[in-house]
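A short write-up of the structure that comes next.
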Amino acid sequence: MHRDLTQALGAELNEQLLEIALTHRSFAYESGGLPTYERLEFLGDSVLGLIVTAELYQRYPDLPESRLSPLRSGIVNTVALADVARALGLGAHIKIGKGEESSGGREKASILADSLEALFGALYLEKGFEVTKNIILPLISPVIDSALERGAGLDGKTALQELLAERSMGVPEYAVTDSGPDHDKDFVAHVIVYGKVLGEGRGKSKREAEQIAATMAFTALNERA
């Protein structure tokens, strides 16, 4: 049923575990309370964090913690993980509710990233840490390779602020809006310089949305240059 996904991943998974890893809460609610991927996502987030942290520690022995930490954040953020999920074709396999489907939920970065982490959690449960690491690293390596270029090991907001100062372009401002219930809010941030929107970011917190918006603006300005 999910043969192309497991082939892209390079690993077979127990069908029942895989189904849980692909079940968004909107589908579970409409189907009478099926298990969702949220517990697996919680596990996969930690597994991914450890793998990326260890890889950065070994790959960049001269970088201090003050640069390694934001560098890791730039690798495991929603936008980067959603891109990895798209490369795997994960969106087509996620089970989402009709409401989410109609609003483009299958392509939402937050859902794609969460589903990918759930998939990593399932891999860890079935295959163990070493096998999971050997599967995840090739998927995430292109993101690691480009991380320093995208912000020199700085978080998005700091990288953008330094770039704007270097080009005498002023100071960025952030406009943030939120929607959804208190327990499940979505945030949209726009980074603005001299009244012009340079980037937009979406996330599950104000900080995440601002960081993504800043990273988008940083990338756009570099490409324009």
Side-chain angles (χ1 to χ4, degrees), residues 9 21-26 36-53 55-56 69-94 96 100 103-123 136-137 139-151 153-160 174-181 183-191 197-220:
L9 193 62
L22 296 172
T23 301
H24 186 258
R25 63 176 172 271
S26 61
T36 75
Y37 61 52
E38 291 176 1
R39 281 174 53 83
L40 286 173
E41 175 203 344
F42 171 76
L43 176 61
D45 175 71
S46 295
V47 172
L48 175 63
L50 178 56
I51 290 170
V52 171
T53 299
E55 180 68 10
L56 292 177
S69 183
L71 184 57
R72 178 182 57 195
S73 297
I75 294 165
V76 298
N77 67 43
T78 299
V79 171
L81 294 182
D83 285 342
V84 175
R86 291 187 183 99
L88 287 172
L90 181 57
H93 296 270
I94 302 171
I96 60 175
E100 279 289 356
S103 64
R106 201 174 293 281
E107 277 302 309
K108 283 184 181 176
S110 59
I111 291 178
L112 286 169
D114 290 349
S115 299
L116 182 68
E117 289 181 331
L119 198 58
F120 291 163
L123 276 170
I136 289 178
L137 275 179
L139 297 174
I140 212 78
S141 278
V143 183
I144 298 175
D145 292 339
S146 65
L148 283 176
E149 299 173 14
R150 289 186 284 109
L154 302 171
D155 65 89
K157 293 178 72 172
T158 304
L160 177 62
Y174 295 87
V176 182
T177 58
D178 62 78
S179 60
H183 68 281
D184 188 29
K185 281 189 177 296
D186 291 301
F187 293 82
V188 178
H190 293 91
V191 56
V197 175
L198 296 183
E200 177 184 292
R202 297 173 183 270
K204 300 304 290 184
S205 69
K206 178 181 176 181
R207 182 181 182 279
E208 181 184 26
E210 288 180 343
Q211 290 288 1
I212 293 171
T215 300
M216 293 299 176
F218 179 90
T219 302

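Bear in mind that the values here come from a model prediction, so they are computed numbers and not experimental data.
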Mind checking the [atom1]-[atom2] spacing from [X] to [Y]? Nearest 0.5 Å is all I need.
{"X": "Ile140", "Y": "Asp145", "atom1": "CD1", "atom2": "CG", "answer": "11.0 Å"}
{"X": "Phe187", "Y": "Glu210", "atom1": "CZ", "atom2": "CD", "answer": "10.0 Å"}
{"X": "Ser205", "Y": "Asp186", "atom1": "OG", "atom2": "CG", "answer": "11.0 Å"}
{"X": "Phe120", "Y": "Leu9", "atom1": "CZ", "atom2": "CG", "answer": "7.5 Å"}

For this session: Start with the C-alpha distance between Leu81 and Leu48, add both sets of side-chain angles, then the distance that settles side chain to side chain contact (heavy atoms under 4.5 Å, CB included), and finish with yes or no.
Result: CA-CA 10 Å; Leu81 294 182; Leu48 175 63; 3.7 Å; yes
Seminar exercise, completed: Taken in chain and number order and not counting sequence neighbours, the residues that satisfy salt bridge (Lys or Arg N to Asp or Glu O under 4.0 Å) with Lys206 are none
Seminar exercise, completed: Hits for salt bridge (Lys or Arg N to Asp or Glu O under 4.0 Å) against Glu55, two or more places apart or cross-chain, chain-then-number order -> Arg59
Once side chain to side chain donor-acceptor pair (under 3.5 Å) is applied, do any residues pair with [X], and if so which ones, sequence neighbours excluded?
{"X": "Thr53", "value": "Arg72"}
{"X": "His93", "value": "His2, Asp4"}
{"X": "Glu41", "value": "none"}

Residue pair [X] / [Y]: nearest heavy atoms and the distance that separates them:
{"X": "Tyr37", "Y": "Leu22", "value": "CD2-C, 4.2 Å"}
{"X": "Ala21", "Y": "Ala118", "value": "O-CB, 3.6 Å"}
{"X": "Arg25", "Y": "Thr36", "value": "CA-CG2, 3.7 Å"}
{"X": "Tyr174", "Y": "Ala214", "value": "OH-CB, 3.5 Å"}
{"X": "Ala213", "Y": "Ala189", "value": "CB-O, 3.6 Å"}

For this session: Could you check if a side-chain atom of Leu56 sits within less than 4.5 angstrom of a side-chain atom of Ile75, using non-hydrogen atoms only?
Result: yes
With a cut-off of 3.5 Å and sequence neighbours excluded, list every side-chain donor-acceptor pair involving residues 105-117.
| unit_1 | atom_1 | unit_2 | atom_2 | d |
| --- | --- | --- | --- | --- |
| Arg106 | NE | Glu101 | OE2 | 3.2 |
| Arg106 | NH1 | Gly91 | O | 2.9 |
| Arg106 | NH1 | Ile94 | O | 2.5 |
| Arg106 | NH2 | Glu101 | OE1 | 2.5 |
| Glu107 | OE1 | Arg86 | NE | 3.1 |
| Lys108 | NZ | Glu100 | OE1 | 3.2 |
| Ser115 | OG | Ile111 | O | 2.8 |

For this session: Applying side chain to side chain contact (heavy atoms under 4.5 Å, CB included), run through Met216 and Ile212 and close with a yes or a no.
Result: CA-CA 6 Å; Met216 293 299 176; Ile212 293 171; 4.3 Å; yes
Exercise. In this structure, which one of Arg202, Gln211, Lys204, Glu208 forms a side-chain hydrogen bond (donor to acceptor under 3.5 Å, both in side chains) with Thr78?
Worked result: Glu208
